[in-house]
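Reviewing the structure listed below.
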Amino acid sequence: MITLHDIAYVRSGTADAKAAAAFAVDVVGMELVAQEDGVTYLRADKRHHCLAFEEGEAGVLASAFSLKGPDELEAAEKELQAAGVEVARGTPKQARSRRVEDFIAFDDPFGNRVELVHGQVQLARPVHFGRPAGITEFGHICFDAPDVKEAYAFWSAHFNIKVSDWIGDWACLMRFDPVHHKLAVFRGSEPGLCHINFQVDSLDDVMRNWRFLQAKGVEIEMGPGRHPQSTAIFVYFKGPEGLTYEYSYGVRNLGDDWVPRVFDPTEPDAIDMWHGPIQRTQTQPQLRRPLPA
Ligand SMILES: O=C/C=C/C(C(=O)O)=C(/O)C(=O)O
Ligand SMILES: [Fe+2]
């Protein structure tokens with residue numbers, strides 16, 4: 001069993017790094033940490049970065065989770081290989097570019113590129129936020145996959161992942177610590193990054209951010225609303241090149257005795273208890289690249 005410790009980062013390709021970074025800083029409120037070798041690094045909490053834009057074709061390149069250390073990384077590599085998953089270890093140069101000690105990469109059964117890392121660099125200094133959006137941390141990652149049941153079968157077979165809630169066969173919200181979900185999979189015809197979530201400090205932050213986004217003419221995909229699953233109050237909005245961001249406040253923590261629930265996706269309040277207009281958040285496509293050599 002591979003024990004995920006935390007989410008680490010999303011790495012996304014961009015054809016316009018300047019626009020992608022400007023949106024991440026001036027609209028989302030992240031800190032621009034560095035721009036180096038065609039990569040722009042953005043942070044929102046203690047991590048060196050939780051979002052990196054690599055110049056090139058637009059689309060998600062990888063989503064990463066951290067493990068405890070080198071022994072755990074090696075054990076993860078062996079476990080995945082034994083299960084027939086093709087796994088590659090990153091080169092020192094690639095690890096340096098990700099600001100991690102070491103990492104492995106593989107594709108989930110649908111082609112979502114996942115990286116497992118250890119030794120992600122942290123920055124001790126406070127985050128110099130681009131604007132006061134109230135971000136407290138990088139909250140969760142959401143993939144698309146054509147079969148969410150099969151996606152859960154994969155994650156629960158090899159990882160310390162438990163389902164927290166199902167939305168029929170349309171979505172699976174998963175946890176590996178008390179937080180309701182740090183990984184979600186939504187049904188979509190192709191692999192991709194459904195959205196990247198940032199937790200904010202208060203309900204007021206969600207509402208202030210919503211007003212700010214509206215005033216800036218940013219496309220609001222959904223919200224403000226409240227998810228019945230995590231009870232979080234949310235707003236989803238669209239950044240450049242199809243990258244969807246979510247702010248949310250109030251995600252619940254679960255105990256070991258939690259029994260997963262099943263919500264009917266055809267019900268009007270299945271994803272928003274406030275019955276706001278439901279719009280399927282468009283996904284940033286997964287770019288198909290060879291595994292690290
Ligand atoms: O569509 C349902 C979304 C649920 C949640 C939640 O319960 O917080 C999400 O954050 C999500 O996956 O976007
Ligand atoms: Fe979310």
Side-chain angles (χ1 to χ4, degrees), residues 6-7 9-10 12 28 44-45 50-51 60 63 65 108 112 133-145 148-149 151-152 155 161-188 191-203 205-206 209-210 213 219-239 242-254 258-284:
D6 208 346
I7 49 176
Y9 54 77
V10 165
S12 190
V28 185
D45 55 23
C50 54
L51 181 58
V60 64
S63 302
F65 299 85
D108 81 357
N112 287 298
I135 295 176
T136 54
E137 63 175 344
F138 178 28
H140 59 257
I141 298 172
C142 181
F143 296 150
D144 260 22
V148 299
K149 302 261 176 195
Y152 179 63
W155 284 99
I161 287 268
K162 291 185 184 130
V163 59
S164 295
D165 282 315
W166 295 100
I167 309 177
D169 60 1
W170 185 70
C172 178
L173 305 169
M174 295 173 265
R175 71 184 186 282
F176 52 82
D177 66 14
V179 176
H180 181 275
H181 61 284
K182 285 192 176 171
L183 171 64
V185 178
F186 278 67
R187 193 172 66 207
L193 183 73
C194 179
H195 63 268
I196 172 172
N197 170 282
F198 294 96
Q199 301 290 308
V200 295
D201 195 37
S202 66
L203 168 59
D205 288 317
V206 177
N209 287 330
W210 172 54
L213 296 167
E219 183 188 339
I220 309 287
E221 292 202 323
M222 230 177 103
R226 190 198 277 272
H227 289 307
Q229 293 79 28
S230 68
T231 68
I233 293 165
F234 66 87
V235 61
Y236 297 92
F237 56 103
K238 185 63 91 189
L243 179 53
T244 298
Y245 294 87
E246 178 188 26
Y247 293 128
S248 66
Y249 162 70
V251 65
R252 68 196 298 173
N253 279 0
L254 305 181
W258 178 257
V259 178
R261 301 163 303 173
V262 180
F263 292 82
D264 180 348
T266 64
E267 286 289 314
D269 50 7
I271 60 176
D272 179 7
M273 296 167 77
W274 299 347
H275 293 198
I278 294 173
Q279 208 174 303
R280 175 70 174 90
T281 57
Q282 199 192 323
T283 290
Q284 188 174 60

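Start at 1 and go down the list; that is how both ligands and their atoms are numbered. Just so you know, these numbers come straight off a predicted model, no measurement behind them.
- Nearest to atom 11 (C) of ligand 1 among the protein's heavy atoms is Tyr236 OH, 3.4 Å.
- Considering only non-hydrogen protein atoms, atom 9 (C) of ligand 1 sits nearest to His181 NE2, 3.3 Å.
- Within ligand 1, the atoms closer than 4.0 Å to a non-hydrogen atom of Ile167 are 1 (O), 2 (C), numbered from 1 in the order shown.
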Using atom types as modelled, flag every donor-acceptor pair under 3.5 Å from a side chain in residues 228-235 to any protein atom, sequence neighbours excluded.
{"unit_1": "Gln229", "atom_1": "NE2", "unit_2": "Ala270", "atom_2": "O", "d": "2.7"}
{"unit_1": "Ser230", "atom_1": "OG", "unit_2": "Ala232", "atom_2": "N", "d": "3.1"}
{"unit_1": "Thr231", "atom_1": "OG1", "unit_2": "Gly250", "atom_2": "O", "d": "3.3"}

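- For atom 8 (O) of ligand 1, the closest non-hydrogen atom of the protein is Ser230 OG, 2.5 Å.
- Between Phe65 and Phe176, the ring-plane angle classifies as perpendicular under the 30° and 60° cut-offs.
- Looking at atom 5 (C) of ligand 1, its nearest protein heavy atom turns out to be His227 CD2, 3.2 Å.
- Contacts of Asn209 classified as side-chain hydrogen bond (donor to acceptor under 3.5 Å, both in side chains), with partners at least two apart in sequence or in another chain: Arg131.
- Aromatic ring centroids of Phe186 and Trp170 lie under 6.0 Å apart.
- Close N/O approach between Thr231 and ligand 1 is not found [any backbone or side-chain N/O within under 3.5 Å].
- When heavy-atom distances to ligand 1 are checked against a 4.0 Å cut-off, Phe234 has no atom that comes that close, whether in backbone or side chain.
- What sits closest to atom 12 (O) of ligand 1 on the protein, heavy atoms only, is Phe186 CE1, 3.4 Å.
- What sits closest to atom 1 (O) of ligand 1 on the protein, heavy atoms only, is Ile271 CG2, 2.9 Å.
- Between Trp170 and ligand 1, not a single N/O pair is under 3.5 Å apart.
- Asp165 and His180 are linked by a side-chain donor-acceptor pair at a separation below 3.5 angstrom, with hydrogens and angles left out of the test.
- Of the charged side-chain nitrogens involved, at least one lies within less than 4.0 Å of a carboxylate oxygen, so that Lys182 and Asp6 count as a salt-bridged pair.
- In this structure, NZ on Lys238 lies 11.0 Å from NE2 on His195, to the nearest 0.5 angstrom.
- Close approach of ligand 1 to His195 is summarised as follows: ligand atoms under 4.0 Å from at least one heavy atom of the residue are 11 (C), 12 (O), 13 (O).
- Ligand 1 does not have Asn197 within reach: every non-hydrogen atom of the residue lies 4.0 Å or more from it.
- Shown in contact with Glu246 at under 4.0 Å from a heavy atom are these atoms of ligand 1, numbered in order with element: 10 (O), 13 (O).
- The aromatic rings of Phe143 and Trp155 sit tilted, their planes meeting at an angle between 30° and 60°.
- Contacts of Asp165 with ligand 1, taken as heavy-atom pairs under 4.0 Å, are absent altogether.
- Aromatic rings from Phe237 and Tyr245 are positioned such that their centres are separated by under 6.0 Å.
- Asn112 CG to Ser63 OG: the interatomic distance, rounded to the nearest 0.5 Å, is 7.0 Å.
- Closest N/O/S atom of Glu246 to the Fe ion (ligand 2): OE1.
- Between the Fe ion (ligand 2) and His195 there is an N/O/S contact shorter than 2.8 Å.
- Side-chain atoms of Cys50 and Phe198, non-hydrogen and from C-beta on, do get closer than 4.5 Å to each other.
- Residue contacts with ligand 1 do not include Val251, since none of its heavy atoms lies under 4.0 Å from the ligand.
- None of the N, O or S atoms belonging to Cys194 lies under 2.8 Å away from the Fe ion (ligand 2).
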